[in-house]
Chemist: 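Take this structure first; my questions come after.
In each ligand, atom 1 is the first atom listed, and ligand 1 is the first ligand listed.
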Amino acid sequence: MKYAILGDIHANLEALNAVLADAKKRGVTHFVCLGDIVGYNASPVECLDRVRELNCPIVRGNHDHYCAIDDNLNGFHPIAADVVDWTRKQLSNEQREFLRNLKYVSRVETFTIVHSTLDTPEMWGYVFDKLEADASFAYQTTSLCFYGHTHVPLAFEKTDRVRVGLYSKIRIMLGRRYFINAGSVGQPGDGDPRAAYVTFDMLKNEVELHRVAYDFRITQKKIADAGLPERVASRLAVGR
Ligand code: ZN
């Protein structure tokens, strides 16, 4: 059984399609989605449809959450708020209801998925350092948990202490716990513009990060055509 872990797709259909094609080549049999299917880029409807076709466990991201409710967007970055506003108008009532019903945390087979943190998932905190990871470890009941939200693929490993680093392949060892960020499919934030996703091979107990090039110029054109902020389009070329 081989899972693909899809995080932070952010309405980028070209990146999502490239990742799904790559996953197929790698013999992926199952999918999970770490949330933030919508927000930022210009294909929220298509991306949500595509992810739902996978019939897979999905947890709620902050963009999914805010695009599905009508609350005002105080505290949101102005660029993100503009897009949330636009996305609300694109999604159907049924789609918004679907997003409203997503859980914050989900257990899948032997592992856990969450968008932000395990300690206070509805607060949308970011896990970048060991202290923040340790707060999640306190609530982690499986040896492996995948998370998203930061758009930076970092892995935390807990034994008697917490270690952290970038990764390409991790062998999951008995008696240790892992809190692993799967990177972002649709808006990478680590300086590499290629789409990021992770596979988890349950037989080999191996987690692997993959990067997939896609034609972001098509995505950029859709963003411009939709009248969304220029910064949303330009960042796709640099992965920041
Ligand atoms: Zn995100």
Chemist: On the 0 to 90° scale, with breaks at 30° and 60°, tag the Phe156-Phe179 ring pair as parallel, tilted or perpendicular.
Modeler: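 Ring orientation, 0 to 90° scale: tilted.
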Chemist: If the threshold is 4.0 Å, N to carboxylate O, is there a salt bridge linking Arg96 and Asp70?
Modeler: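 Salt bridge: yes.
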Chemist: Quick check for you: with the Zn ion (ligand 1) as the vertex, what angle do OD2 of Asp8 and NE2 of His10 span, to 10°?
Modeler: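 Value, to the nearest 10 degrees: 100°.
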Chemist: With a 4.0 Å cut-off, would you call Arg50 and Glu14 a salt bridge?
Modeler: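 Salt bridge absent between Arg50 and Glu14.
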Chemist: The Zn ion (ligand 1) to His115: any N/O/S contact under 2.8 Å?
Modeler: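 For His115, the answer is no, given that no N, O or S atom comes within less than 2.8 Å of the Zn ion (ligand 1).
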Chemist: In Asp36, what N, O or S atom is nearest to the Zn ion (ligand 1), if we give its atom name?
Modeler: OD2
Chemist: Do any N/O/S atoms of His151 come under 2.8 Å of the Zn ion (ligand 1)?
Modeler: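 It does; at least one qualifying atom falls short of 2.8 Å.
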Chemist: For the pair Asp225 and Lys221, find out whether any cationic side-chain nitrogen is under 4.0 Å from an anionic carboxylate oxygen.
Modeler: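 Between Lys221 and Asp225 there is a salt bridge, with a charged N closer than 4.0 Å to a carboxylate O.
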